[in-house]
Amino acid sequence: MLKIKNLHVAIGGEEIIKGLDLDVGAGELHAIMGPNGSGKSTLGYALAGREGYEVTSGSMEFEGQDLTELEPEERAAAGLFLAFQYPVEIPGVNNAYFLRSALNAQRKARGEEEVDSMTFLKTVRESLKGLKMDEALLKRAVNEGFSGGEKKRNEIVQMAVLQPKLAVLDETDSGLDIDALKLVAEGINAQRNAQRSFVVITHYQRLLDYLAPDHVHVLSDGRIVESGGEELAERLEAEGYSFLEAASEA
Amino acid sequence: MSAILNKLAPEADLADDRYGDIRRRAHQRLMQYGFPDLKTEAWKYTSLRVLEKRELSAGGASEADRPGPLPFEADVIAMANGLIDPDALNLPAGVRLEPLSPADLINLDYGDRAGAMAWLNLARFEQAWRLVIEAPLARPLVLAMSTSEDFAAGVHPRLQIELSEGADAVLIEQQTDRGAGLVNIVEDVALARGARLRHVIQRRNADSVWVQRTRVAVSADADYRCHALDLGGRLVRQDLSVHLLEAGANGEIDGVAFIDSKQHVDWHTAIDHEVGHTNSRESFRILADGTGVGVFNGRIHIQRGADDSHSDLNTANLLLSENARINTKPELEIYAEEVTASHGATIGQLEDSALFYLRTRGLPVEQAMALLKYGFAAAPLENAEPAALRDWLTSELQTVL
Ligand SMILES: Nc1ncnc2c1ncn2[C@@H]1O[C@H](COP(=O)(O)OP(=O)(O)O)[C@@H](O)[C@H]1O
Ligand SMILES: [Mg+2]
């Protein structure tokens with residue numbers, strides 16, 4: 001599904017990702033953990049194609065396509081989704097209208113029929129309900145005046161509607177209380193199947209408790225310094241990131 | 001005498017009709033004060049010199065096409081190339097249209113050179129109308145002002161719009177210019193006690209120079225709301241002043257101007273709280289693209305003694321290209337007590353982060369930008385009622401994004 005090889009990403013000439021390898025197979029859920037500033041969001045933005053995030057060497061392939069050759073919207077239509085760490089407020093743009101336009105733009109790009117508004121509303125309503133979100137949010141402007149938790153859950157709603165092949169979730173759990181965290185985890189689990197893959201960026205083990213990741217990676221200073229199974233997340237929780245220094249000194 | 005005056009106001013062809021004295025007096029004032037130039041504060045960003053280069057014909061254009069149909073039922077007064085044909089009217093009950101008499105036009109004062117275009121109108125108007133709305137209207141009344149493609153004349157329509165006590169109307173000025181002349185409108189609106197007017201100014205102009213001066217007088221407990229959607233033109237200058245004359249008067253202006261290459265749109269608004277216990281609110285947004293130039297001057301004046309008045313003015317502007325320009329200036333002048341008044345003005349650009357966010361959801365750049373522009377511009381139109389009116393205005397806006 002996703003193959004990243006020796007990836008280097010620079011922002012404004014400064015290298016942030018410094019040789020990263022990651023291989024995500026179909027249906028797998030990978031967790032990426034790491035201290036603040038280690039480059040987790042930078043990786044997400046580079047995958048999604050944000051301007052200014054320059055891939056200076058290495059490669060990112062998504063289902064055999066070179067991602068760097070695709071515009072952000074083409075990546076989306078190809079099946080890549082990024083849940084933002086800080087979802088953006090778009091004043092004046094109706095949430096439901098935006099989401100339906102986005103879905104139909106993707107479908108159009110793939111040569112599929114547009115969805116009618118009934119089918120669309122049914123899907124959105126179901127996922128809103130699952131996440132215990134008020135339907136009134138559909139009529140509001142995108143993310144505007146949403147609480148921190150509502151913004152995060154809204155990202156999961158978008159994912160559920162857009163049905164990507166690969167979802168990169170950037171700290172969707174941070175700032176959530178334990179109930180909201182459970183809802184988000186359920187929202188993610190509900191979307192899991194043998195084809196769909198996830199890269200879940202998080203600080204905390206608690207989300208992973210609900211998700212049972214196939215692989216856990218530790219990102220530090222732009223590189224993956226450790227990979228393992230769920231036990232790695234437990235170790236990070238217990239010891240903190242301090243053991244990284246020991247690891248890098250060794 | 002300036003070249004512009006020579007061109008626009010040759011004394012020899014001043015009409016000598018029943019308004020002759022009024023015209024001569026106005027002409028004299030015009031000659032005395034002269035034309036505004038960029039040193040005239042109110043005309044600092046808008047030059048009328050383009051008129052020097054125009055050969056304005058003396059009428060003679062073909063009949064103007066009607067503007068596009070509206071998606072709701074309405075009664076229409078057509079003004080083609082500046083003229084209303086009184087024989088073609090079919091007015092609803094409660095609406096009258098009649099010529100103004102000379103007595104209606106004496107003692108008018110448009111001040112010095114800043115008011116030159118209004119003096120010019122008074123000297124040279126072709127028709128002067130009083131439109132009286134005496135009752136609540138069941139459906140919107142449309143003043144469809146259009147010009148034809150071969151329109152190259154200078155016209156000076158003059159209108160006095162009166163809403164009687166108890167009147168309640170939606171008046172839509174649907175302005176569609178396709179020509180390259182001069183349309184110089186003077187419009188006086190008066191709301192009697194308790195009257196309500198939703199005044200829509202929807203403009204989509206070609207190459208004509210379009211100057212419109214609208215003065216609104218609001219009596220006790222009357223409610224005036226302007227909804228403006230200005231989709232630009234070669235040169236547009238709109239002055240809109242709302243005078244809150246008695247306690248309980250309410251005045252609101254919601255406006256959006258979208259200005260594209262080779263267009264210049266200048267809105268000067270003023271809300272004047274002449275007495276206490278009056279309220280106003282204004283929200284105005286300008287988007288300028290290409291080489292478009294937008295000017296907004298919004299003045300709120302709360303006069304001495306106009307205590308317990310409330311006002312809020314908000315203007316936001318969006319520059320969509322490097323070559324577009326927007327000059328915006330909110331002005332708050334408060335001389336009263338127990339007043340709440342606020343204002344804010346911003347000039348910004350489309351945010352990269354918002355654009356990126358929309359693109360990651362699959363929207364192509366053009367569509368994402370259109371959505372952001374719409375999101376920015378539509379806010380003032382949200383206040384338009386009824387819903388059919390709001391939907392029409394927002395769909396008109398969407399056609400240019
Ligand atoms: N737009 C930017 N310009 C310059 N430096 C940036 C920018 N965004 C992130 N960085 C830097 O890149 C590093 C990694 O940031 P980020 O990817 O946000 O980390 P994380 O998500 O792991 O907390 C940090 O040192 C941060 O200061
Ligand atoms: Mg981050």
Side-chain angles (χ1 to χ4, degrees), chain A residues 44-53 70-95 97-110 112 139-144 151 154-155 157-159 161-164 167-168 170, chain B residues 227 229 254-258 283-287 314-318 320 344-384 387 390-391 393-398 400-401:
Chain A
Y45 285 146
L47 286 168
R50 184 165 199 156
E51 208 176 312
Y53 288 67
L70 303 181
E71 296 294 331
E73 59 271 29
E74 295 171 325
R75 299 181 196 204
L80 180 75
F81 177 85
L82 171 67
F84 281 49
Q85 182 176 0
Y86 304 106
V88 182
E89 297 189 10
I90 321 260
V93 176
N94 174 279
N95 212 13
Y97 179 81
F98 149 66
L99 196 47
R100 187 148 83 94
S101 308
L103 176 61
N104 282 331
Q106 288 196 19
R107 295 180 66 92
K108 195 173 158 203
R110 293 194 292 259
E112 297 166 8
K139 293 195 181 133
R140 304 239 306 260
V142 181
N143 291 324
E144 195 185 36
K151 284 182 185 169
N154 197 34
E155 297 288 284
V157 172
Q158 293 178 11
M159 177 183 74
V161 170
L162 297 173
Q163 297 276 305
V168 179
D170 189 358
Chain B
H227 304 289
L229 175 61
D254 282 299
V256 179
F258 183 90
S283 164
F284 211 99
R285 300 205 165 182
I286 294 180
L287 298 85
N314 177 284
T315 154
N317 305 278
L318 197 57
L320 297 168
T346 60
I347 296 190
Q349 291 164 337
L350 285 185
E351 268 187 56
D352 289 343
S353 59
L355 191 61
F356 175 63
Y357 187 71
L358 295 182
R359 293 179 72 190
T360 63
R361 295 329 185 222
L363 293 169
V365 183
E366 289 298 317
Q367 207 182 337
M369 293 218 295
L371 203 54
L372 289 177
K373 287 188 256 181
Y374 176 82
F376 176 83
L381 302 177
E382 296 292 320
N383 293 318
R390 178 180 61 228
D391 294 347
L393 289 172
T394 52
S395 68
E396 284 293 302
L397 172 65
Q398 264 161 340
V400 297
L401 299 179

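Below, each value reflects all heavy atoms present in this structure, side chains not excepted, and no hydrogens, waters or symmetry copies. Note that the structure is predicted; figures quoted are calculated from it, not measured.
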note = Checking heavy-atom separations under 4.5 Å from chain A, one finds in residues 354-363 of chain B B:A354, B:F356, B:Y357, B:L358, B:R359, B:T360, B:R361, B:G362, B:L363

message = Check this for me: B:N383, atom CG, are more than 12 non-hydrogen atoms of other residues, nucleotides or ligands nearer than 6.0 Å?
response = yes

Which atoms of B:Q367 approach chain A - backbone, side chain, both or neither, heavy atom under 4.5 Å = side chain

key: Residue pairs, two or more places apart or on separate chains, that pass side chain to side chain donor-acceptor pair (under 3.5 Å) and touch residues 97-108 of chain A   = A:Q106-A:R110

query = Heavy-atom count around A:E51 CD within 6.0 Å, excluding the residue itself: above 12?
reply = no

request  = Step through the shown structure and confirm whether more than 12 heavy atoms of other residues, nucleotides or ligands are within 6.0 Å of CD on B:Q398.
outcome  = yes

ask   = Going from CD on A:E89 to OG on B:S353, what distance comes out if it is rounded to the nearest 0.5 angstrom?
value = 10.0 Å

Interatomic spacing from OH in B:Y374 to CD1 in A:I90 - rounded to 0.5 Å = 14.5 Å

ask   = Between A:P72, A:A109, A:P87, which has the largest tally of heavy atom pairs under 4.5 Å with chain B?
value = A:P72

task = Give, as side chain, backbone, both or neither, the part of A:P164 having an atom under 4.5 angstrom from any heavy atom of chain B.
result = neither

inquiry  = Using heavy-atom distances under 4.5 Å, tell me whether A:A77 contacts chain B through its side chain, its backbone, both, or neither.
reply    = neither

query = Is it the side chain or the backbone of A:R50 that comes within 4.5 Å of chain B heavy atoms, both, or neither?
reply = both

